[in-house]
**Q** 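Next up is a structure, given as structure tokens.
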Amino acid sequence: GNSVTQMEGPVTLSEEAFLTINCTYTATGYPSLFWYVQYPGEGLQLLLKATKADDKGSNKGFEATYRKETTSFHLEKGSVQVSDSAVYFCALAVGTSYGKLTFGQGTILTVHP
Amino acid sequence: EAQVTQNPRYLITVTGKKLTVTCSQNMNHEYMSWYRQDPGLGLRQIYYSMNVEVTDKGDVPEGYKVSRKEKRNFPLILESPSPNQTSLYFCASSLSWDNPRPYSGANVLTFGAGSRLTVL
């Protein structure tokens, strides 16, 4: 089956620190990979995505590279802000069926001034 | 504004009292889905619908029902709620289930703000 594993949280950082949230996956078939973000009291929003090996998704200073050889899609940001405090979810969809997302357990990020 | 609207946002109820969580989208999306979010488990799919009158089970359908009589609405029904259904529920929609090649990147899920349900 399909599964997504994220690093354990919560993650607490100071403003301007470097962020990495690890994500690895197993999938039957060729997956597309996503990072979603959930701000307090809100629904999930798509942060970035990648559809094939070596693709790099990027948005709002966040980046993630689709690594097929290590089955990973780690999220990075060079300098976090307080406003980045949220829950981050890694997810996959097999092939082009984006309606069927498999999510990781989520990682809580808190950024202090 | 394009959005997915869920109601109620918060609800406390008792075991066995039937309830319905409504979901409506104004984007003419064909595909709609319900997820529940639990600590340490991420989001798990309950039911989904690829179009009007077409619904199917997700990964955790037990204790839930859905219907899709109109394109814009996809209510989640708990006929006899139990405490293990205490959770945060999300409705989501997208243009369609699938993304025909060549990939355009437009067909991703839009989520509602969530409905927090507590069953005592």
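None of these values were measured; they are calculated from a predicted model. Naming: A, B, ... by sequence-line order, numbering from 1 per chain.
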**Q** Under 4.5 Å heavy-atom distance to chain A, tell me which part of B:Arg116 shows up: side chain, backbone, both or neither.
**A** neither

**Q** Rounded to the nearest 0.5 Å, what's the gap from CG on B:Leu109 to CG on A:Leu101? Could you check?
**A** 5.0 Å

**Q** What part of B:Leu41 lies closer than 4.5 angstrom to a heavy atom of chain A: side chain, backbone, both or neither?
**A** backbone

**Q** Answer with yes or no whether the hydrophobic clustering places A:Phe62 together with A:Met7; edges join I, L, V, M, F, W, Y residues whose side-chain heavy atoms lie under 4.5 Å apart.
**A** yes

**Q** Consider only side-chain heavy atoms of I, L, V, M, F, W and Y, link residues closer than 4.5 Å, and tell whether A:Tyr30 and A:Leu33 are in one cluster.
**A** yes

**Q** Applying disulfide (SG to SG under 2.5 Å) as the test, list every pair that has at least one member in residues 25-93 of chain A; sequence neighbours left out.
**A** A:Cys23-A:Cys90

**Q** Against chain A, label B:Gln37 side chain, backbone, both or neither, depending on which of its atoms sit under 4.5 Å from a heavy atom there.
**A** side chain

**Q** Heavy-atom distance under 4.5 Å to chain B: side chain of A:Gln38, backbone, both or neither?
**A** side chain

**Q** Quick one: closest heavy-atom pair of B:Phe111 and A:Leu44, and the distance?
**A** CB-O, 3.5 Å

**Q** With a 6.0 Å cut-off (strictly less than), is the heavy-atom count around CD of A:Glu42, excluding the residue itself, greater than 12?
**A** yes

**Q** What distance separates A:Phe103 CZ from B:Arg44 CZ, expressed to the nearest 0.5 Å?
**A** 13.0 Å

**Q** Sort by residue number and list every residue of residues 83-90 of chain B having at least one heavy atom under 4.5 Å from chain A.
**A** B:Leu88, B:Phe90

**Q** For a 4.5 angstrom cut-off between non-hydrogen side-chain atoms, does A:Tyr36 reach B:Leu43?
**A** no

**Q** Are B:Val66 and B:Ile46 connected, step by step, through hydrophobic side chains (Ile, Leu, Val, Met, Phe, Trp, Tyr) whose heavy atoms are closer than 4.5 Å?
**A** yes

**Q** Can B:Met32 be reached from B:Leu95 by stepping across I, L, V, M, F, W or Y side chains whose heavy atoms are under 4.5 Å apart?
**A** no

**Q** Surrounding CD1 of B:Ile12 (heavy atoms of other residues, nucleotides or ligands, distance under 6.0 Å), is the total greater than 12?
**A** no

**Q** B:Val4 and B:Tyr47: same hydrophobic cluster, using ILVMFWY side-chain contacts below 4.5 Å?
**A** no

